[in-house]
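First up is the structure itself, then whatever we jot down about it.
Throughout, protein chains are lettered first and strands after them, A, B, ... in sequence-line order, and every chain is numbered starting at 1. Computed from a predicted structure; not experimentally measured.
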Amino acid sequence: MTDNKKIQISDLNVFAGKFQILKNINIELPENKITVILGPSGCGKTTLLKCMNRLTDLYPELRVTGDIRISGNNILAAKEDIYKLRQHMGLLSQRPYPLPMTIYNNIAYGLKLRGVKKRREIHKLVVHYLQQANLWEEVKHRLREPASRLSIGQQQRLCLARGLAVNPGIILADEPTSALDPISSQYIEQKFLELKNEYTIVLVTHVLRQARRIADYVVFMYLGEVIEQGDVHEVFENPKMEKTKLYLGGTFN
Amino acid sequence: MYILNRWQRHWANNTWMIISLLVVATLPFFLFLGLYLKSFLLLHDYHLGHLLFGKIWKPGIGQFGFFPFIVGSIWVTLLAMVISAPICLLAAIYVTQYSKTRLLRIMHPAIDILAGIPSVVYGLWGILVIVPFIARYLGPLFGVDTVGYSILAAALVLSIMIVPFILNILIEIFRAIPVELKEASLALGATEWQSIKQVIVKKALPGIIAAFGFGLARAFGETMAVLMVVGNVVELPKSVFDPGYTLPALIANNYGEMLSIPKYDSALMFAALILLVVSLFFNLIMHFFIIRYNKY
C-alpha cells in the first residue's frame with residue numbers, strides 16, 4: 001500500500017503478572033483512514049487501545065514491552081511527554097463518561113488544558129466543536145446545565161466533541177456505539193466517515209456489520225494475537241486465515 | 001386450613017412494612033417529645049434565651065446557663081473536624097488513586113481496628129499522652145501556661161477517634177467512582193492531580209460532605225473520651241489551651257447526683273434536648289449541601 005503509516009506497532013507485549021494479554025503485536029495503521037480492530041470480547045482490543053495513549057500507566061500491575069511509533073516517535077519511551085501525547089489523541093469510550101460539570105465546561109476543560117486562555121476564544125471553540133459533533137442545535141439553550149442531564153446518545157456526542165476539542169490527530173474509539181440506540185450509533189458512524197479526512201481513526205468493535213460499513217483497514221485479533229490484517233475488502237471477501245473465516249461467517253466458538 | 005389469596009397476602013405484607021416504617025420514622029419524634037416533656041419544668045420557669053445564652057451555671061441557687069457547655073461542645077467538635085477532615089480526605093485520595101491496591105487491603109483491617117477501640121481507651125490514652133504533651137511542649141511553645149486538660153486535648157483525641165469513621169466512608173465513595181471517568185480526564189491531557197482535583201473530587205463532593213457530616217455528628221455526641229481530657233470546668237474558654245465542658249460530659253458527670261437539687265434532672269434533660277436539636281440541625285445542613293452538589 002502507498003498510504004502513510006501513522007501508527008506503527010512492533011513486538012508489543014503486555015503482561016498482567018504471569019498472564020500475557022497481548023502477544024507480539026505487529027501492526028501498521030494508515031493515516032487518515034478508519035482502522036477497525038475486530039475481535040471477540042476479551043481478546044485484548046481495549047488493552048491495545050490503552051497502550052496507544054499510555055492509559056496503561058494507570059495500572060501498575062501491567063508490564064508493557066515493545067515499540068509503538070506514532071509519526072516516528074516511540075511513545076513507550078520513558079522520556080515521552082505523556083500529557084502532550086494524550087492530547088494528540090481523542091478517546092471515545094464504551095459508555096459516555098461526561099465530566100461532572102456543565103455541558104459548556106465539558107468542552108472548555110480540554111480547551112484550557114490545551115492552553116486556550118481567552119474567554120472569547122474558548123466560547124468560539126466550544127460552539128465550533130459542539131457543531132462538529134452535531135450537538136449544538138440540541139444544547140445551545142442549556143449550555144450551563146450539568147452534562148449528566150443529557151441523554152446517553154447526546155452524552156456520547158458530547159464526549160466526541162470533548163475529544164476533538166484538544167485538537168488531536170488521532171481518534172481512539174473503544175466500541176463507542178455499543179451502549180447507543182441505532183440512530184445515535186448512526187450519527188457517530190457518519191461523523192467518523194466525515195472526520196477521517198482530517199484524523200486517523202482507530203475503532204475497536206466486535207460488530208461485523210459496523211466494521212464492514214465504515215472500515216478502510218481491518219485488524220482481526222483473537223486471544224491477544226493479531227490473526228490477520230489488511231484492507232477491508234481483502235479481509236472480508238477473501239480472508240486468508242481459518243479463524244478469520246470462521247469469525248466472519250459467524251460460526252466461531 | 002384457610003389459605004390467603006393473593007390480595008390478602010399483599011395486604012398483610014404491606015401492613016407489616018408500613019408498621020415497621022412508622023416505627024422507624026417516628027422514633028426521633030418520640031425521643032424529642034420525651035426529652036421535651038422531661039425538660040418542661042425548666043422551660044416553664046426560665047426564658048429560653050436565658051437558658052441557651054446564660055453564662056452562669058449554679059444549680060444550687062437555681063442558675064442554669066448552658067452557654068459554656070454549648071460553646072465548649074462546638075469548640076471541641078469544630079477543632080476536631082478541622083484537624084481530621086483534611087487528613088482523611090488526603091489519605092483517602094492517596095489510597096484510592098495513587099497507591100497499589102495491596103495497601104488498601106492492608107489498611108482496611110487497620111482502620112476497622114481503630115474504629116473498634118472503646119472510647120474509654122482513647123480517653124485514657126489522651127490522659128497519658130496528649131495531656132502531658134500539651135502541658136509540657138505545646139503550651140510552652142505558644143507561651144501558654146496550661147495543665148494540659150483542655151479544649152485542644154479533647155479535640156486532638158476526638159480527631160483521632162473519628163478518623164476511621166470518616167476515612168472508611170471516604171474510601172468507599174472514591175472507590176465507587178468509575179475509573180473511566182479518570183481515564184476520560186487523563187485522555188484529554190490532564191495530569192493526575194488535575195483530574196483528581198477537578199473531576200474526581202467534584203464528582204465525590206456530595207459523598208465527601210456526607211462523610212464529614214457523619215464525623216461531625218459523632219464528634220459532637222462523643223462523651224467518655226472527651227470528659228476524661230477536657231477539664232470539666234464550667235467556664236467560657238478563651239483559647240484552645242483553656243479547659244472547658246461539653247454537653248454530653250455534663251449529662252454523664254451529673255446524672256447520678258441530680259436528685260438533691262430541684263430542677264437539676266430537668267436541666268440535664270434539656271442538655272440532651274439541645275444535643276438532639278443540634279444534631280438534627282447538622283443533618284439538615286448536610287442534606288442541603290448534598291442536594292446542592294448532587295446534580296452532576
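- When heavy atoms are compared at a cutoff of 4.5 Å, A/P168 does not approach chain B at all.
- When all heavy atoms of B/Q194 and A/L113 are compared, the closest pair comes out as OE1-CD2, 3.5 Å.
- With respect to chain A, the highest number of heavy-atom pairs below 4.5 Å among B/E183, B/K100, B/K202, B/Q198 belongs to B/E183.
- The minimum heavy-atom distance linking B/A187 with A/N53 is given by the pair CB-ND2, 4.1 Å.
- Considering only heavy atoms from C-beta on, B/K203 stays 4.5 Å or farther from A/L99 through its side chain.
- Here the side chains of B/L188 and A/R162 are in contact, with some heavy-atom distance below 4.5 Å.
- Heavy atoms closer than 4.5 Å to chain A are found nowhere in B/Q97, neither backbone nor side chain.
- At most 12 heavy atoms of other shown residues, nucleotides or ligands fall within 6.0 angstrom of atom CZ in B/F289.
- Heavy-atom distances place the side chain of A/K50, and not its backbone, under 4.5 Å from chain B.
- More than 12 heavy atoms of other residues, nucleotides or ligands sit less than 6.0 Å from atom CZ of A/R142.
- Around NZ of A/K140, the count of heavy atoms belonging to other residues, nucleotides or ligands within 6.0 Å exceeds 12.
- In the model, A/Y109 has a side-chain atom that pairs as donor or acceptor with a side-chain atom of B/S185 under 3.5 Å.
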Quick one, B/V179 with A/Y59, criterion side chain to side chain contact (heavy atoms under 4.5 Å, CB included). Give me CA distance, side-chain angles, the key distance, then yes/no. CA-CA 11 Å; B/V179 68; A/Y59 307 91; 3.9 Å; yes

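- In this structure, A/L58 and B/E192 have side chains that are in contact, with non-hydrogen atoms separated by less than 4.5 Å.
- Closest non-hydrogen pair, B/L186 versus A/R86, comes out as O-CD, 3.2 Å.
- No more than 12 heavy atoms of other residues, nucleotides or ligands lie within 6.0 Å of CZ in B/F32, so this atom counts as exposed by the packing criterion.
- To the nearest 0.5 Å, the span separating CD on B/E180 from CG on A/L91 amounts to 10.0 Å.
- The local environment of CZ in A/R95 is sparse, with at most 12 non-hydrogen atoms from other residues, nucleotides or ligands closer than 6.0 Å.
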